[in-house]
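Naming convention: chains lettered A, B, ... in sequence-line order (proteins, then strands); numbering from 1 in each chain. All heavy atoms count here, side chains included; hydrogens, waters and symmetry mates do not.
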Amino acid sequence: MSLRVYNTLTGEKETFVPLVPGKAGMYVCGVTVYDYCHIGHARANVVFDVIFRYLKYIGYDVTYVRNYTDIDDKIINRANQEGVDYRVITERFIQAFDEDMARLGLDKPTVEPKATDHIDGIIAIIEALIAKGHAYASDGDVYYAVETFPEYLKLSKRNLEEMQAGARVEVGEKKKNPMDFALWKGSKPGEPWWQSPWGQGRPGWHIECSAMSMRFLGETFDFHGGGKDLIFPHHENEIAQSEAANGCAFVRYWLHNGFVNINSEKMSKSLGNFFTIREVLERFDPETLRFFILSAHYRSPIDFSDQNLSEAQAGLERIYACLAAMDTVIWENPAALVELSPEVLSPAGIDLLEKSSQMLARFKEAMDDDFNSALTIGIVFEVVRCANRFMAEIQPGNKAAITLLHRVRVEIAELGEVLGLFHSKPAKWLEKQQQEKTSGLEITAEEIEALIVERSEARKAKNFSRGDEIRDYLLAKGIQLLDSAQGTTWKAK
RNA sequence: GGCGGCGUAGCCAAGUGGUAAGGCAGAGGUCUGCAAAACCUUUAUUCAGCGGUUCAAAUCCGCUCGCCGCCUCCA
């Protein structure tokens with residue numbers, strides 16, 4: 001089986017054939033660093049993190065480039081609002097981005113370039129475009145002449161005439177065609193600037209990605225990704241710039257992730273219905289957010305809501321509860337591994353052996369089919385069910401059982417490593433969820449413990465009505481009692 | 001107006017020609033003084049509707065209805 005990916009450019013799933021055998025080059029549009037990241041950024045970055053990990057997992061030597069766009073109108077506006085240098089803004093939000101991504105468990109890309117470190121490369125591309133007649137200088141600005149690139153709009157599959165007809169684009173008098181876009185903008189007084197053949201100015205949006213991808217991945221490379229909303233104009237303009245300047249194909253496979261919706265509506269800054277990653281992580285575990293994102297296919301829209309996040313949390317808890325149970329069995333007998341054969345296993349054991357031996361192959365098949373992480377998670381749940389059934393019937397010290405569980409545990413960890421999931425210590429993770437649920441309660445642990453003692457004594461005296469009264473009282477406060485042979489414990493509901 | 005996508009059980013969600021994964025919730029069971037928790041089992045003759053192609057369609061084609069996105073900064 002080989003990897004097949006949905007290519008926005010062709011609108012079809014295609015077999016991935018790397019430009020250089022054994023290697024894969026991948027560029028993903030990072031963020032413009034003028035504000036905190038929202039959960040849409042979380043989705044895009046998690047999705048491409050998993051793609052990065054999977055490409056490595058199946059043996060590619062991957063160069064993953066994810067940029068910071070650290071010069072832009074929005075950054076300048078924010079700096080002006082606060083009355084600070086633009087670099088104060090960019091440094092603050094680069095740091096915030098790094099923190100957010102680390103909390104979500106992302107691997108570091110191979111390179112994380114900043115636009116302002118590549119002004120020379122940007123100027124070189126603009127000069128090449130002017131020399132080839134694809135761009136023109138106009139009163140301190142430089143514009144790309146879209147009509148000179150016949151394939152313009154091939155990614156978004158539109159046509160210029162229609163775009164112009166319904167264009168809400170401001171017709172700048174500096175532009176020859178309203179659809180032309182800025183490669184270089186002359187700076188106004190007080191704005192950051194770099195020296196260029198066209199005077200003092202700064203790069204337009206789009207050109208930085210052409211420059212940085214070329215610098216680190218070459219004129220042609222394998223994957224370019226980003227959110228669906230970048231298809232037009234950002235990626236369309238990158239294609240126009242890079243292909244016109246270099247005279248060769250730019251990107252071989254275009255990958256775009258779907259949106260995060262809030263109540264089935266697109267989340268966006270202009271609608272004001274967005275949540276930052278930090279806001280969400282105050283209420284939900286980072287791994288829960290990651291699990292939620294990966295439980296849908298990356299191209300589908302996902303609906304963000306408390307209910308959906310809570311369901312994801314419940315699902316992840318189920319998996320961790322199973323892993324915790326497996327760990328308990330395994331660590332009790334660390335050196336008990338034996339040769340496995342179906343003869344020494346119960347029917348449930350044979351079932352689990354079979355399921356687990358297929359798991360990694362099914363995982364690979366799912367991920368090979370356009371990175372189907374949702375199907376992968378379904379496969380994990382199937383194994384969890386089998387493992388639970390098996391664990392319910394095994395006897396302590398059964399070496400074949402321990403060996404089998406050990407094997408399953410290792411395989412789930414291997415798969416989890418690619419998804420960036422299940423890497424926490426299960427017992428600890430579960431305990432942490434419990435603590436967080438407890439923290440918002442209006443009753444103290446001491447009060448609860450005292451009532452538990454009272455209830456235990458009542459029950460010993462066969463005064464069940466008093467015992468049940470206490471139980472119901474605590475339940476109303478959100479405390480669920482858990483009776484077991486070892487005594488009574490409690491958890492927040 | 002142009003272009004594109006989506007509509008699968010109460011909810012979330014895989015499945016792009018071979019007879020509906022998985023999760024949550026619900027129900028039943030084991031357990032329990034009764035519960036809870038945990039675990040087990042179970043839950044769509046059917047994939048928005050109507051036609052068509054095919055031996056075979058949730059999957060392909062056409063039409064209808066509904067929802068959404070892009071065309072402006074946006075992951």
Side-chain angles (χ1 to χ4, degrees), chain A residues 8 11 13 28-32 34-35 37-48 72-74 153 156-159 161-170 179 205 225-234 256-261 264-271 274 291-292 295-297 299-303 305 307-319 321-322 325 348 362 366 369 372-385 388-389 391-393 459 462-465 467-468 471-472 474-475 479-485 488-491 493:
Chain A
T8 307
K13 277 188 201 168
V28 173
C29 290
V31 284
T32 300
Y34 74 103
D35 204 350
C37 287
H38 54 64
I39 49 178
H41 296 111
R43 184 181 196 191
N45 283 287
V46 165
V47 158
F48 287 105
D72 172 87
D73 290 355
K74 290 193 288 285
L153 305 180
S156 53
K157 298 170 183 67
R158 306 165 199 277
N159 72 66
E161 291 70 39
E162 281 165 4
M163 296 278 296
Q164 284 163 337
R168 281 180 270 176
V169 180
E170 230 174 276
M179 293 298 291
W205 185 42
K228 270 194 164 80
D229 48 349
L230 295 181
I231 294 172
F232 182 87
H234 187 54
H256 293 98
N257 65 276
F259 293 131
V260 175
N261 292 154
S264 308
E265 283 215 313
K266 181 189 166 182
M267 181 181 72
S268 75
K269 292 240 159 178
S270 45
L271 288 171
F274 64 93
F291 184 82
F292 168 69
S295 62
H297 185 89
R299 284 190 284 118
S300 309
I302 53 173
D303 208 34
S305 68
Q307 189 192 332
N308 288 347
L309 265 284
S310 297
E311 283 184 10
Q313 171 96 20
L316 187 55
E317 278 180 19
R318 176 175 162 80
I319 292 170
C322 175
R362 291 177 70 199
D369 187 10
N372 195 335
S373 58
L375 182 55
T376 293
I377 288 172
I379 293 166
V380 173
F381 275 116
E382 284 182 47
V383 173
V384 163
R385 192 177 56 215
N388 280 333
R389 195 178 346 184
M391 284 188 285
E393 64 170 38
R459 292 176 74 216
K462 302 281 179 201
N463 183 359
F464 292 121
S465 64
D468 291 353
R471 189 184 68 205
D472 294 343
L474 287 173
L475 191 59
I479 304 299
Q480 180 72 64
L481 296 184
L482 307 169
D483 293 331
S484 76
T488 300
T489 57
W490 58 276
K491 69 172 202 177
K493 225 179 167 186

When all nucleic acid strands are considered with a 4.0 Å heavy-atom cut-off, which category describes A/Val260: base, sugar-phosphate, or nothing?
-> base
Pairwise side-chain contact, A/Phe381 with A/Ile319, heavy-atom cut-off 4.5 Å (strictly under) = yes
Inter-nucleotide C1' distance (B/C31, B/A35), Å rounded | 11 Å
Looking at every strand, decide which applies to A/Arg158 at a 4.0 Å heavy-atom threshold: base, sugar-phosphate, or nothing.
-> base
Tell me what A/Leu230 touches on the nucleic acid: a base, only sugar-phosphate, or nothing, going by heavy atoms under 4.0 Å.
-> sugar-phosphate
Min side-chain heavy-atom separation A/Pro233-A/Met179 under 4.5 Å = no
note: A/His297, atom NE2; B/G15, atom P; distance rounded to Å ~ 7 Å
5'-most by nearest nucleotide on RNA chain B - A/Asn257 or A/Arg459 | A/Arg459
Of all heavy-atom pairs between A/Asn261 and A/Lys266, which one has the smallest distance, and what is that distance?
-> ND2-CA, 3.2 Å
With heavy atoms under 4.0 Å as the rule, sort A/Phe48 into base, sugar-phosphate or nothing.
-> nothing
Whole-Å distance, A/Asn261 CG to B/C6 C1', equals 11 Å
Which part of the nucleic acid, if any, lies within reach of A/Asp468 when heavy atoms closer than 4.0 Å are counted: base, sugar-phosphate only, or nothing?
-> base
Got a second to check how far A/Leu309's CG is from A/Phe291's CZ, nearest 0.5 Å?
-> 11.5 Å
What is the minimum heavy-atom distance between A/Ala374 and A/Ser295, and which atoms define it?
-> CB-O, 3.3 Å
Determine: side-chain N/O of A/Arg299 to OP1/OP2 of B/C6, distance under 4.0 Å, yes or no.
-> no
When the distance from CZ of A/Arg43 to C1' of B/A75 is rounded to whole Å, what number comes out?
-> 10 Å
Distance between P atoms of B/U46 and B/G33 (Å, rounded) | 45 Å
Considering only side-chain heavy atoms of A/Asn388, which listed nucleotide, B/C73, B/U16, B/C39, is closest?
-> B/C39
Closer than 4.0 Å, any side-chain N/O of A/Asn372 to the OP1 or OP2 of B/G15?
-> yes
Is there side-chain contact between A/Phe259 and A/Lys228, with heavy atoms separated by less than 4.5 Å?
-> yes
P-based separation of B/C60 from B/G7 [nearest Å] = 11 Å
Just checking A/Gly467: base, sugar-phosphate only, or nothing, at a heavy-atom cut-off of under 4.0 Å?
-> nothing
Roughly how far, to the nearest 0.5 Å, is CD1 of A/Ile231 from OG of A/Ser156?
-> 7.5 Å
Mind listing the closest non-hydrogen atom pair of A/Thr376 and A/Ala366 along with its distance?
-> OG1-CB, 3.7 Å
Min side-chain heavy-atom separation A/Leu153-A/Phe232 under 4.5 Å = yes
Rounded to the nearest Å, what distance is computed from the NZ atom of residue A/Lys462 to the C1' atom of nucleotide B/U32?
-> 12 Å
Return the stems involving RNA chain B, sorted by first number, where pairs are Watson-Crick (N1-N3 with N6-O4 or O6-N4) or G-U wobble (N1-O2 and O6-N3), both under 3.5 Å, and runs are 3 or more long.
-> B:1-7 with B:65-71, B:10-12 with B:22-24, B:26-30 with B:38-42, B:48-52 with B:60-64
When rounded to the nearest Å, what value does the distance between C1' atoms of B/A44 and B/A58 take?
-> 12 Å
Mind checking A/Phe464 for me? I need base, sugar-phosphate or nothing, with any heavy atom below 4.0 Å counting as a touch.
-> base
Roughly how far apart, to the nearest Å, are B/A14 and B/G23 at atom P?
-> 15 Å
Span that lies between the P atom of B/C39 and that of B/C24, in whole angstrom = 9 Å
Send over the distance from A/Ile319 CD1 to B/A38 P, rounded to a whole Å.
-> 15 Å
When all nucleic acid strands are considered with a 4.0 Å heavy-atom cut-off, which category describes A/Lys266: base, sugar-phosphate, or nothing?
-> base
Intermediate values then yes/no, side-chain hydrogen bond (donor to acceptor under 3.5 Å, both in side chains), A/Asn308 and A/Ser310 | CA-CA 5 Å; A/Asn308 288 347; A/Ser310 297; over 6 Å; no
Please give, in whole Å, the distance from B/A75 C1' to A/Ile302 CD1?
-> 11 Å
Rounding to the closest angstrom, what is the interatomic distance between B/U43 and B/G22 at atom P?
-> 10 Å
Taking the nucleotide of RNA chain B with the closest heavy atom to each, which residue, A/Arg471 or A/Met267, is nearer the 5' end?
-> A/Arg471
Side-chain donor/acceptor of A/Asn463 to base of B/G33, under 3.5 Å | no
If you look at every strand shown and take non-hydrogen atoms under 4.0 Å, does A/Lys74 touch a base, only sugar-phosphate, or nothing?
-> sugar-phosphate
Integer-rounded Å distance: B/A38 C1' and A/Trp490 CH2 | 19 Å
Decide yes or no for A/Arg459 and A/Asp483: does some side-chain heavy atom of the first lie under 4.5 Å from some side-chain heavy atom of the second?
-> yes
Short N-O contact, A/Lys74 and A/Asp35, less than 4.0 angstrom | no
Please state how far atom CG in A/Asn159 lies from atom P in B/G2, giving the value in whole angstrom units.
-> 12 Å
Assign A/Ser300 to base, sugar-phosphate, or nothing according to its heavy-atom contacts below 4.0 angstrom with the strands shown.
-> sugar-phosphate
Determine the interatomic distance between C1' on B/C6 and the same-named atom on B/C12; round to the nearest Å.
-> 16 Å
Nucleic acid footprint by protein, nucleotides 17-28 of chain B - heavy-atom cut-off 4.0 Å, B for base, S for sugar-phosphate alone = ----BSBB----
May I ask you to say what A/Gly227 touches in the nucleic acid, namely base, sugar-phosphate or nothing, with a heavy-atom cut-off under 4.0 Å?
-> sugar-phosphate
